[in-house]
Amino acid sequence: MAVSRRAAVTGLVALGLGLPAIRSLALPTSRPWLPRPVELASGEILAASRARLPFTAPESRGYGYNQTSPGPLIRVRRGEEFRIRIANHLNEETTFHWHGLICPTEADGQPQNPVLPGESAEVAFPILQRAGLSWYHPHPHGATAKQAWHGLGGFFVIEDEEEKALGLPSGEDEWFLFLRDIQLDALGRIFFPDDAGGSEGTLPLINGVVNPRAHAANRQLRLRILNGANARVFRLSADAPLTLIGNDGGLLETPVPVDQIQMGPAERIDVILDLRKIAPGTVVGLRDDSFAAPLLEITVREGAPDHWQLPKRLSTITPLVHHGSEPDRVFTFQGDSTINDKPFEPTRIDFAIPFGKVERWRFQSAQGAPHPIHIHGAHFQVIQRSGRGRNQVEPWERGWKDTVLKWAPEQVDILVRFDTYEGRYLLHCHKLEHEDGGMMLNFVVGKDPEAALEKARIEALYGPICTTRQG
Ligand SMILES: [Cu+2]
């Protein structure tokens, strides 16, 4: 008896469930085509709702933005104002968090500012940061993992003149890949295991389909990859040369050839896949260590000659400077649900950071790792990884980051400077079940840190304070 792959991986056969379900679940003999994310049109509303997703049984529903998962790609230019109307058509509260975007507290989509079912709202803030690949996703406290698992997430691309001047592969030669994983039940419906230690799937998804295929010209391809999984760490490699050019915070200073890249949840990479020496007709795989079949199969075909040369220098990263080797703050990520022994409380603000000051932070943990650690409100620079483990800053961790992956007994030190907005921001684990479990805290940034902390603590309990300017 032929057993479909999906039936095998969901354990259907082992459970001895009925044959009709198996037949209806049989995967197509060939891989589905890789979808390109649609772009959000100017003035279009971004709405979260239930949605029909291509990898589930036809009658089953996941979640999507504007009925798609990943949602529409948002593209903006540095210096513009980003303005959008968001709407919640779900039966539960959600938020719209612009991950990697430096924006004011009220626009940041934090758990304390939910969009209730049936509500809509206007979001606007200026794009002050350099080009790079960010993304958007829900951030409601206690339900982020479930909503992301069901399909909520999308790309957010910033462009600028510096990047444009490099003439990087674009159009047909620039691909956006939203990686994640999923589990289906015996009937082909989304099954959310809600594992406190992190939910992992049995099926890999790229742009919302399982194990896709694509065609590419024998040129240099720019792959812009996001790990949008709840908890899975991807270890990516390819059957053609890969050169890393950027990450969460935009371009690196110089390109770095790499064999394998380890990506924790929420991390992004920008890589050049060089297909120039691949014979037309060859199938090139993009692979992950955990899955036997390639995540993506690319059939190479003859294309127009590619004369573009990858520049030796891509950008300039000004290192943050901090005097002294001791951390200003140490954060211990414990088990599945605490930072420094405390689970998240929406109304508790843990500390205040002086606006514009460079601080050295240390992340450590004994168990529960890997922890992909994310900061809102600023980008940071990874300066050291020590303790047992890798003992090095990886090539994809150079430059500017907003999320860094930490395995247990590693210690990771970063330098960070909050110099764009004052306000309340979050530090949390981006393994979404850890985040929902409470591995998250609030802090404030202020020019007068003590006053900012006092104000934020009162506001967290009683709502915004109305102030009148003196003098
Ligand atoms: Cu964690």
Side-chain angles (χ1 to χ4, degrees), residues 95 97 99-100 110-111 135 137-149 152-153 179-181 183 192-201 226-235 247-248 262-268 290 327 329-346 348 350 361-377 380 382 385-390 393-394 396-397 401-414 416 425-443:
T95 78
H97 170 55
H99 183 125
Q110 298 179 12
W135 62 305
H137 64 75
H139 212 311
H141 186 44
T144 296
K146 177 193 145 195
Q147 292 186 3
W149 184 267
L152 291 183
L179 264 50
R180 66 185 194 102
D181 55 349
Q183 279 189 45
F192 176 46
D194 201 10
D195 179 346
S199 299
E200 289 199 349
L226 157 70
N227 179 351
N230 280 36
R232 177 175 295 278
V233 175
F234 285 96
R235 291 175 186 78
N247 59 4
D248 306 356
Q262 197 176 107
M263 291 182 82
E267 291 190 283
R268 285 89 70 201
S290 306
R329 302 175 202 277
V330 177
F331 301 96
T332 306
F333 294 75
Q334 282 138 316
D336 295 331
S337 58
T338 64
I339 304 175
N340 294 344
D341 288 320
K342 284 181 258 182
F344 181 68
E345 271 297 333
R348 194 189 73 236
D350 283 11
W361 291 10
R362 176 166 296 165
F363 302 135
Q364 57 186 31
S365 64
Q367 343 86 344
H371 300 293
I373 298 161
H374 174 48
I375 297 176
H376 293 220
F380 56 80
V382 183
R385 180 180 275 105
S386 56
R388 279 182 300 129
R390 290 176 283 171
V393 176
E394 303 280 14
W396 52 89
E397 296 175 327
K401 293 282 288 170
D402 60 52
T403 308
V404 65
L405 183 65
K406 202 200 79 53
W407 291 91
E410 291 179 348
Q411 276 182 359
V412 177
D413 283 20
I414 63 155
V416 63
Y425 291 101
L426 294 160
L427 165 70
H428 66 89
C429 181
H430 216 285
K431 190 187 274 183
L432 300 181
E433 290 77 9
H434 282 182
E435 173 186 330
D436 282 344
M439 195 172 272
M440 178 155 68
L441 58 78
N442 295 301
F443 60 88

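Just follow the structure's listing: the first ligand is 1, and inside any ligand the first atom is 1. Note that the structure is a prediction, hence the values are computed from the model and not measured.
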Side-chain donor/acceptor of Asn230 to backbone N/O of Gly201, under 3.5 Å: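 A pair under 3.5 Å: no.
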
Parallel, tilted or perpendicular, as decided by the 30° and 60° cut-offs, for the rings of His97 and His376: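 Plane angle under 30°, so parallel.
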
Whether Phe344 and His141 hold their rings parallel, tilted or perpendicular, with breakpoints at 30° and 60°: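 Perpendicular.
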
Given Arg329, Arg362, Lys406, the one that forms salt bridge (Lys or Arg N to Asp or Glu O under 4.0 Å) with Asp413: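 Testing Asp413 for a salt bridge (Lys or Arg N to Asp or Glu O under 4.0 Å) against Arg329, Arg362, Lys406 leaves exactly one candidate, Arg362.
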
Near-ring test His371/Phe363, centroid separation under 6.0 angstrom: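 Between His371 and Phe363, which both carry aromatic rings, the centre distance is not below 6.0 Å.
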
His374 and His139 aromatic centres sub-6.0 Å: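 Not close enough - the centres of the two rings lie 6.0 Å or further apart.
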
In the protein, N/O/S atoms that are found under 2.8 Å from the Cu ion (ligand 1), waters not counted: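 Protein N/O/S atoms under 2.8 Å of the Cu ion (ligand 1): His371 ND1, Cys429 SG, His434 ND1.
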
